[in-house]
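Comments concern the structure below.
Chain letters run A, B, ... following the sequence lines, proteins first and then strands; every chain starts at 1.
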2 protein chains.
Amino acid sequence: MQYITIKEGVASLIDRGELTANKKLPTERALAEQFQTTRVTLREALTTLEAEGKIHREDRRGWFVSPPSMIYDPTSTNNFNVMASKCGFVPSSKLIQAKQVGASQEVAELLNVPVDTQVYRIDRLRMLDDRPVVVTFNYVIMENFPGLLEHDIESSLTDVYRDQYQKPYAKTHFQIKTSSLLGETAQLLRASTGSPAMLVQRVNYCAEGVLLDCDIEFWRPHAIKIESTASVITTTKNN
Amino acid sequence: MQYITIKEGVASLIDRGELTANKKLPTERALAEQFQTTRVTLREALTTLEAEGKIHREDRRGWFVSPPSMIYDPTSTNNFNVMASKCGFVPSSKLIQAKQVGASQEVAELLNVPVDTQVYRIDRLRMLDDRPVVVTFNYVIMENFPGLLEHDIESSLTDVYRDQYQKPYAKTHFQIKTSSLLGETAQLLRASTGSPAMLVQRVNYCAEGVLLDCDIEFWRPHAIKIESTASVITTTKNN
DNA sequence: TTTTGATTTTGGTCTAGACCAGAATAGCAC
DNA sequence: GTGCTATTCTGGTCTAGACCAAAATCAAAA
């Protein structure tokens with residue numbers, strides 16, 4: 001379990017302040033030499049630290065000390081910009097593409113419509129202090145929001161729903177699980193293929209229970225801490 | 001990117017039904033030979049599949065196809081047993097230890113008490129269909145629940161709070177992030193050291209807002225899917 | 001049949017390299 | 001100083017092994 005020792009060694013470099021947030025770790029070869037091991041073993045140690053959110057990789061760029069993560073409340077109506085600002089980050093967004101497509105199996109299930117129903121698909125990359133942290137895929141039933149793509153959809157869809165269509169967002173159903181980053185999603189996040197991810201899938205409704213959209217979010221795990229408070233009304237008998 | 005091909009190859013074995021839930025994959029050496037590669041590369045492929053929740057490892061036992069995961073609603077008052085039953089699993093619990101300790105830094109912060117405040121610490125392992133899926137560490141302020149350890153705390157603490165102390169659980173604050181499994185926690189879950197984990201931290205309150213306990217839960221990622229519905233009342237202006 | 005002890009298999013971990021393509025850098029021309 | 005290009009560096013990926021301890025299996029004894 002040499003790699004556990006190495007892991008702790010690197011962790012203590014961070015805790016002792018020799019490496020600070022967003023700073024690049026020494027090269028793998030240098031670290032391997034420093035800890036008298038091979039790159040394979042070193043990477044095992046770094047991968048474990050990555051799983052704990054202490055460090056992360058940028059594809060072909062190296063390992064970096066992770067800065068504090070953004071607190072993400074899935075039960076709140078606050079959009080990305082608000083949540084980011086509350087945590088002291090400067091948020092920004094980049095529209096990757098927006099187009100009309102037929103709903104895939106996965107999307108059709110989330111939206112509870114037949115496969116191939118016409119929907120708008122909106123892909124965006126979102127950043128905190130210019131660090132890419134999440135890629136989001138929104139799917140909106142075309143019929144409900146005619147001409148949606150003509151509005152400014154880069155920064156906040158919920159603002160457009162509220163201001164342009166008088167449909168404020170008020171209810172959400174969400175799922176969270178772990179996943180991995182592949183292909184273009186990984187590239188946009190400057191992540192290596194196969195890096196771990198937090199997958200958040202949501203279905204959003206407005207006050208009348210009318211469906212707004214669904215979205216699929218691939219987060220860099222180190223960049224997000226999910227946190228919420230819930231008061232529960234329902235009481236269920238125990239088995 | 002040979003390992004991506006291998007990953008897809010193994011995934012298709014599962015999708016085609018050649019490997020079914022809970023079944024053990026062939027040995028690493030056999031798979032490496034089948035895909036004409038080395039164990040190192042093969043493990044890279046399997047690790048990625050693990051991150052996606054399709055397979056998981058049991059320490060020194062091998063790789064297994066993951067069964068459907070349990071839906072965990074952090075906002076519900078349902079306890080583990082109820083949630084498990086709802087998903088068609090047979091839940092069981094094992095008390096690892098229960099003792100009185102002084103609150104650590106981490107626990108003190110969660111409970112909002114000074115470090116070293118006397119608390120009960122209750123460690124449990126919980127299973128679905130006899131598969132260990134989560135290790136929970138509960139911390140309860142002693143003063144609030146005198147004699148707690150004399151009750152049956154193996155299966156459900158919330159039941160004891162409600163039935164023995166007339167303090168039903170009604171509100172929760174939760175945090176979710178990724179982590180890794182180490183030491184005894186890993187062993188209890190039959191996981192290898194350094195395996196990925198979902199870390200859920202909760203602070204629970206009863207209806208009057210009185211603090212009940214906090215708990216720290218290390219989940220096998222493949223075993224859990226976090227899911228909830230939230231209707232939001234607060235509306236926050238956009239930045 | 002059950003228990004126990006011996007043997008084999010297997011995963012966990014590690015070594016010591018290698019090649020390649022993209023990123024970073026240094027150097028040169030404008 | 002700016003832009004471009006050649007070179008170097010570095011991470012991504014892979015090979016072909018090795019040793020060990022735990023798990024699984026098998027065989028013998030009770």
Side-chain angles (χ1 to χ4, degrees), chain A residues 1-10 22-51 55-65 131-132 180-196, chain B residues 1-10 22-51 55-65 131-132 180-196:
Chain A
M1 301 190 311
Q2 181 181 348
Y3 78 94
I4 297 289
T5 314
I6 298 170
K7 187 201 115 186
E8 287 164 0
V10 176
N22 292 315
K23 192 154 174 203
K24 186 178 180 302
L25 272 64
T27 69
E28 293 186 353
R29 285 169 176 87
L31 281 173
E33 191 176 6
Q34 180 175 343
F35 289 99
Q36 304 222 335
T37 185
T38 58
R39 277 179 69 206
V40 173
T41 301
L42 175 80
R43 282 169 73 93
E44 179 118 24
L46 296 180
T47 301
T48 306
L49 270 185
E50 182 185 35
I55 62 173
H56 63 275
R57 266 196 292 180
E58 292 191 20
D59 191 51
R60 292 182 177 283
R61 235 173 278 253
W63 297 86
F64 295 81
V65 179
R131 295 173 292 112
S180 70
L181 298 172
L182 299 172
E184 200 194 353
T185 305
Q187 276 177 37
L188 287 168
L189 292 169
R190 287 192 216 143
S192 306
T193 299
S195 297
Chain B
M1 301 190 310
Q2 182 180 347
Y3 78 95
I4 297 288
T5 315
I6 297 169
K7 187 201 113 183
E8 287 164 358
V10 176
N22 292 315
K23 193 156 174 202
K24 186 179 182 303
L25 270 65
T27 68
E28 293 186 353
R29 286 170 175 86
L31 279 173
E33 191 176 5
Q34 181 176 341
F35 288 101
Q36 304 222 335
T37 185
T38 58
R39 276 179 69 207
V40 174
T41 302
L42 176 79
R43 282 169 72 94
E44 178 117 23
L46 296 180
T47 300
T48 306
L49 269 184
E50 182 185 36
I55 63 175
H56 62 276
R57 265 197 293 180
E58 291 192 21
D59 191 50
R60 294 187 172 281
R61 237 172 275 255
W63 298 86
F64 294 81
V65 179
R131 295 174 292 111
S180 70
L181 298 172
L182 299 172
E184 200 194 353
T185 305
Q187 276 178 36
L188 287 168
L189 291 169
R190 287 192 214 143
S192 306
T193 299
S195 297

Legend entry - Residue-phosphate contact under 4.0 Å: B:K7 side-chain N/O, D:dT13 OP1/OP2: no
Legend entry - Closest-nucleotide 5' rank along DNA chain C - winner of B:P26 and A:R61: B:P26
Inset, instruction - State which residues pass side chain to side chain contact (heavy atoms under 4.5 Å, CB included) with A:A45; sequence neighbours excluded, sorted by chain then number. - result: A:Y3, A:I6, A:K7
With the criterion being N/O to N/O and under 3.5 Å, what pairs connect the protein with nucleotides 20-22 of chain D, and how long is each?
none

Inset, instruction - Specify the separation, in whole Å, of atom CE of B:M1 and atom C1' of C:dG22. - result: 14 Å
Inset, instruction - Please report, rounded to the nearest Å, how far the C1' atom of D:dA16 is from the CD atom of B:Q2. - result: 13 Å
Legend entry - Integer-rounded Å distance: D:dG11 C1' and A:E58 CD: 13 Å
Inset, instruction - Applying side chain to side chain contact (heavy atoms under 4.5 Å, CB included), name anything that partners B:E28, two or more places apart in sequence or on another chain. - result: B:R39, B:L42, B:R43, B:W63
Legend entry - Whole angstrom value for the distance that separates C1' of D:dT10 from CD of A:E33: 15 Å
Inset, instruction - With sequence neighbours left out, write down each residue that passes side chain to side chain contact (heavy atoms under 4.5 Å, CB included) with A:E33, or none if nothing qualifies. - result: none
Legend entry - Separation of C:dT10 P from B:L46 CG (nearest whole Å): 15 Å
Legend entry - Contacts of type salt bridge (Lys or Arg N to Asp or Glu O under 4.0 Å), residue A:R29, not counting sequence neighbours: none
Legend entry - Residues that A:T47 engages under side-chain hydrogen bond (donor to acceptor under 3.5 Å, both in side chains), provided they are two or more places apart: none
Inset, instruction - Heavy atoms only: give me the nearest B:G194-A:T48 pair and the separation to one decimal. - result: CA-CG2, 4.1 Å
Legend entry - Stretch residues 34-45 of chain B: residues that reach within less than 4.0 Å of DNA chain D through a heavy atom: B:T37, B:T38, B:R39, B:V40, B:T41
Legend entry - Distance in angstrom units between B:E28 CD and D:dG17 P, rounded: 17 Å
Legend entry - Which residues share a side chain to side chain contact (heavy atoms under 4.5 Å, CB included) with A:E184, sequence neighbours left out: A:I96, A:L188
Inset, instruction - Go through the structure and list residues passing salt bridge (Lys or Arg N to Asp or Glu O under 4.0 Å) with B:R190, not counting sequence neighbours. - result: B:E58
Legend entry - Atom-pair distance (CH2 on B:W63; C1' on D:dA23), nearest Å: 17 Å
Legend entry - Distance below 4.0 Å between A:Y3 side-chain N/O and C:dC14 OP1 or OP2: no
Legend entry - Under 4.0 angstrom between A:K24 side-chain N/O and D:dC9 OP1 or OP2: no
Legend entry - Atom pair distance, as rounded to whole Å: CZ in A:R190 and C1' in D:dG11: 16 Å
Inset, instruction - Show the numbers, then the answer: is there a side chain to side chain contact (heavy atoms under 4.5 Å, CB included) between B:F35 and B:V10? - result: CA-CA 9 Å; B:F35 288 101; B:V10 176; 3.9 Å; yes
